Every structure is written in structure tokens, then in C-alpha cells.
Number of protein chains: 2
Amino acid sequence: MHTSSQIFQEAGLKPTQSRLEVTGVLAQSEYPMTHQDILKELPESFDRVTLYRVLDWLLTNGVIHRIAGEDRTWRFHINNSDLTNKQTTRYNSTPTTSKSNKLNQHSHAHFQCENCGKMFCLNDVHPKLTNDIPPDFVVDSIEINIKGKCVNCAKPLEPLVNPDHR
Amino acid sequence: MHTSSQIFQEAGLKPTQSRLEVTGVLAQSEYPMTHQDILKELPESFDRVTLYRVLDWLLTNGVIHRIAGEDRTWRFHINNSDLTNKQTTRYNSTPTTSKSNKLNQHSHAHFQCENCGKMFCLNDVHPKLTNDIPPDFVVDSIEINIKGKCVNCAKPLEPLVNPDHR
DNA sequence: ATATAAACGCAACTACGTTGCGAAATATAT
DNA sequence: ATATATTTCGCAACGTAGTTGCGTTTATAT
Ligand SMILES: [Mn+2]
Ligand SMILES: [Mn+2]
Ligand SMILES: [Zn+2]
Ligand SMILES: [Zn+2]
């Protein structure tokens, strides 16, 4: 686990009070958060436009990633500092350079519960395409959004019967 | 190719003037269209709220599907009438029933060009996950959004040299 | 023909995100 | 240390996709 200032230091990024506060909030959340979610965790006085700008900045500097939920509002989540696949990812045979890869890229799937709306990062689930995408299309990133019911909201299908008792 | 009325008839859905007009527009477009795109193709008098409602209705009745673009506005596209994989799709081992599968499900990837913003349906590219998603998560659908540069916007990497001439 | 329900049209509203601009803070030059 | 240039911040106004409420029209049922 890294502190916010460590994250900035390692990436050679200029920290400010606002940036540290926001990053702090995001670092503590297991789940991607909406702008509102984040704002609620910040001091009353924190300006909402500043938050938008800080999020933009964190985004372009690779500190966080964002996912569009079913409600079409962004959810923000801190990037994994453990560098799993650090080299430029290649899908198909087309080499691509990402806009900002100072910090870790994020290339895992996301799950959003249709019942409670909560979003989950499935850090182990990565995209794999059954078919090559058409040639001449240059791929920068692949986003996977899974919809369904989360652990908490999925009802048990049938009461489980202990096999020993049948 | 099906006419709008045929689509409704086959699916046992009640057509109205508005529904037919909207479906007609969507059926003609190779690409997913925004609400605005569609409105522009409709008669001047067509009410924008009616369009929203028709789109909702077409959506829940499986006539169209929609994809969230990078700009967080929906793009709508007619469903493929050729029934490729008609049976309920199963990912992992979890059986799921979709909210509305009167008509064809859509389970192909989408590509959005970061340069021109145009969206493409990659009808042959289907999701495949490297890892099973966590058990107890019930999957309803998997959405794949690829970002990059489309055919028109991707610059040729090097001028091609005719091998016969070297 | 009358009653009931679905679809439509219009105006007002909500919510996320953006833009403009002056004030404050931070960095750079002399 | 002081002056100057550059970023960042705070506030108000704005833009736009999509929604809601409600009265009117159109279709369906008896
Ligand atoms: Mn994530
Ligand atoms: Mn499509
Ligand atoms: Zn849930
Ligand atoms: Zn393009």
C-alpha cells in the first residue's frame, strides 16, 4: 500500500493539497467512486469544480482510471501500483502507445450490479478477443463492462442441500 | 434485410407511426447513432421526448441495442436479425436469463475512434475472458468497448514498397 | 357509442460536466 | 528579497443528455 505522496513522488508529479486529499480518498476505496461519492468524503468546503479538475489531472497522469457506469456517470478508481503488465500491451499485431503511461495501465474488467448499482474491479479478468479486430484499426485500449448481479444481490438459486444427508 | 414493419410483425410487437419511422432510420445506418443523429434524420416536427420514449421501447423489446460512447451519450443501433447465437448465452457456468430476448441478443464488440469519434460494430468480435469472474456473480451481459483509431483515421505506418521492385 | 388504456406533445426540470474569469498560491527570474 | 510569470483554485454561469408531469390525442375493448 502506498501513501498519496509516495505515489506522486515515484511518478515525479507535483502534489498539491487538493490532489493529495482526493487521491487519499480514492486510495481508501475498494470500489470505483462517482464524483459525488468522492465529494462526500472530502471537507465540506472542497469545491466541486476543483474536484473535476483534479480528477482530470490524476487521469491524464495515470494515477487513476475511470469507467462509465450504466448511468453514464464516470466512476474513478486508483490504479494498481503493483506493476503487473508494464510493457506496452499489444492486441492483434498492432503496436500502440498509450496517451499516458507514466503510471500503471489498467486493463481489467469491471462489473456493475444491475440491482444495487455498485461497481467492482475484477483485477484478474483481462480482455481476450475471440476474433481479430479488422486490420487497419489501431487499438489503444479494450474496456470490458460486465453487467449482472453482485455477490450481495444474487439470490441463492436453490437452498443448498448437504449431499451427505441425502 | 428486413423492413421495419417486418421486424415488428415477426416479433409480435405493436407498431406505431413513430416507432416505424425511428426504426426505419436506425435500420438504414451502418453505425450506432446518437439521439441527435437520429433526430436529424426524422421529420422536423418529430418530438425529441417521443424519440427518447420510442428508443426506450425499442430497447426493452430487443429491436435495438445501445452502447455508451466515450462522451457518455448513448448510441443506438439496430439488432442483427440473423439469429447467430439465439440460445441464452452462458459465461462461466452461471445460467442467466436476459431481461428481454424477444429479438436477437447483441453480444459483439464495439470500436470507437478516438480521432473522429465514429463508432463501429465489430459483429465478429465476441467477448472471451482470460479468467473466470468470481463465483456468486451472476453475469447478464458482457460489453466490450475498444478504443483506438479507425480505418480512415489510422495513418499508414510506412509507405508500402512493392516487393517485386527491390 | 362509451369507457379504458396506450402513445404523444409540450414545458419544466434534474444532473453531470464544462467554461470563463478573477483571486490566490506557487514557481522562476533578476 | 523583490518582481514577474505560471499554475492552481473558487465561484458563477452555462451546455446538454436525459427525465418527469400532465393534459391531449389516438387506439383498443365492451
Ligand atoms: Mn478498475
Ligand atoms: Mn453493435
Ligand atoms: Zn449488487
Ligand atoms: Zn476515425
Side-chain angles (χ1 to χ4, degrees), chain A residues 4-5 8-9 11-26 32-61 63-77 112 117 119 145, chain B residues 4-5 8-9 11-26 32-61 63-77 100 102 112 117 119 145:
Chain A
S4 306
S5 355
F8 287 97
Q9 198 145 20
L13 298 172
K14 176 185 158 193
T16 70
Q17 181 61 22
S18 318
R19 286 166 191 173
L20 287 169
E21 286 182 280
V22 174
T23 310
V25 169
L26 284 166
M33 302 172 84
T34 65
H35 177 264
Q36 291 287 0
D37 293 340
I38 302 167
L39 206 55
K40 253 177 258 153
E41 300 301 316
L42 290 167
E44 186 76 46
S45 62
F46 203 105
D47 184 71
R48 69 187 200 92
V49 177
T50 301
L51 176 53
Y52 276 117
R53 292 203 261 237
V54 167
L55 289 171
D56 270 357
W57 186 90
L58 291 173
L59 202 61
T60 52
N61 287 289
V63 182
I64 60 176
H65 63 278
R66 69 177 181 188
I67 318 104
E70 185 64 5
D71 53 4
R72 294 174 324 290
T73 66
W74 292 118
R75 317 254 162 162
F76 301 87
H77 196 230
Q112 187 167 21
M119 186 174 278
N145 292 316
Chain B
S4 307
S5 355
F8 286 96
Q9 197 146 20
L13 297 172
K14 177 184 158 195
T16 69
Q17 180 61 21
S18 318
R19 286 168 190 170
L20 287 169
E21 285 182 281
V22 174
T23 310
V25 169
L26 285 166
M33 303 172 84
T34 65
H35 176 264
Q36 290 287 1
D37 294 340
I38 303 168
L39 206 55
K40 252 178 258 151
E41 300 301 317
L42 290 167
E44 186 76 46
S45 62
F46 203 105
D47 184 70
R48 67 186 203 95
V49 177
T50 301
L51 176 53
Y52 276 117
R53 292 203 261 238
V54 167
L55 289 170
D56 270 357
W57 185 90
L58 291 172
L59 202 62
T60 52
N61 287 289
V63 181
I64 60 175
H65 63 278
R66 68 177 182 190
I67 318 104
E70 186 65 4
D71 53 4
R72 295 175 323 290
T73 66
W74 293 117
R75 318 255 162 161
F76 301 87
H77 196 229
S100 72
K102 291 186 189 177
Q112 187 166 23
M119 187 174 278
N145 292 317

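In what follows, chains are A, B, ... by sequence order, proteins preceding strands, each numbered from 1. This structure is a prediction, so every number in the text was calculated from the model and none was measured.
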Rounding to a whole Å, what distance do you find between A:E21:CD and D:dG10:C1'? 14 Å
Who pairs with A:R19 by salt bridge (Lys or Arg N to Asp or Glu O under 4.0 Å), at least two apart in sequence or on another chain? none
If we ignore hydrogens and angles and just use 3.5 Å, is the side chain of A:Q112 paired with the main-chain N or O of A:E70 as donor and acceptor? yes
Rounded to the Å, how far apart are B:D47 CG and D:dC22 P? 18 Å
Using a cut-off of less than 4.0 Å, is there contact between a side-chain N or O of A:T50 and OP1 or OP2 of D:dG10? yes
How would you list, by chain and number, every residue that makes a salt bridge (Lys or Arg N to Asp or Glu O under 4.0 Å) with B:D71, sequence neighbours excluded? B:R75
Phosphate-side-chain proximity, B:T16 and C:dC8, N/O vs OP1/OP2 below 4.0 Å: yes
What is the distance, rounded to the nearest whole Å, between atom CG of A:L20 and atom P of D:dT8? 13 Å
Could you list, one pair per line, each protein nitrogen or oxygen that sits under 3.5 Å from a nitrogen or oxygen of nucleotides 12-19 of chain C, together with the distance?
residue: C:dC16; atom: OP2; partner: A:Q36; partner atom: NE2; Å: 3.2
residue: C:dG17; atom: OP1; partner: A:W74; partner atom: N; Å: 3.1
residue: C:dG17; atom: OP2; partner: A:Y52; partner atom: OH; Å: 3.2
residue: C:dG17; atom: N7; partner: A:R48; partner atom: NH1; Å: 3.4
residue: C:dG17; atom: O6; partner: A:R48; partner atom: NH2; Å: 2.8

For B:T34, report the nucleic acid contact type (base, sugar-phosphate, nothing); a contact means any heavy atom under 4.0 Å. nothing
Given atom CD of B:Q17 and atom P of C:dA7, what is their separation to the nearest angstrom? 15 Å
Return the set of residues passing salt bridge (Lys or Arg N to Asp or Glu O under 4.0 Å) with B:E41 (not counting sequence neighbours), or none when no residue passes. none
Rounded interatomic separation in angstrom, taking CZ from A:R19 and C1' from C:dA25: 12 Å
Shortest non-hydrogen pair, B:M33 vs B:I38, comes out as CB-CG1, 3.7 Å
Report the distance from atom CG of B:D71 to atom C1' of D:dT16, rounded to the nearest whole Å. 11 Å
Side chain B:H35, main chain B:R48, donor-acceptor under 3.5 Å: yes
Atom pairs under 3.5 Å: protein N/O with N/O of nucleotides 24-30 of chain D:
none

Would you check if A:L58 and A:F8 make a side-chain contact, meaning some heavy-atom pair closer than 4.5 Å? yes
How long is the line joining CG of A:L42 and C1' of D:dC9, in whole Å? 14 Å
What residues form a side chain to side chain contact (heavy atoms under 4.5 Å, CB included) with A:T50, not counting sequence neighbours? A:S18, A:F46, A:D47, A:V54
Rounded to the nearest angstrom, tell me the gap between atom CG in B:L51 and atom P in D:dT20. 16 Å
Between A:T60 and A:D56 (side chain of the first, backbone of the second, donor and acceptor by atom type, cut-off under 3.5 Å), is there such a pair? yes
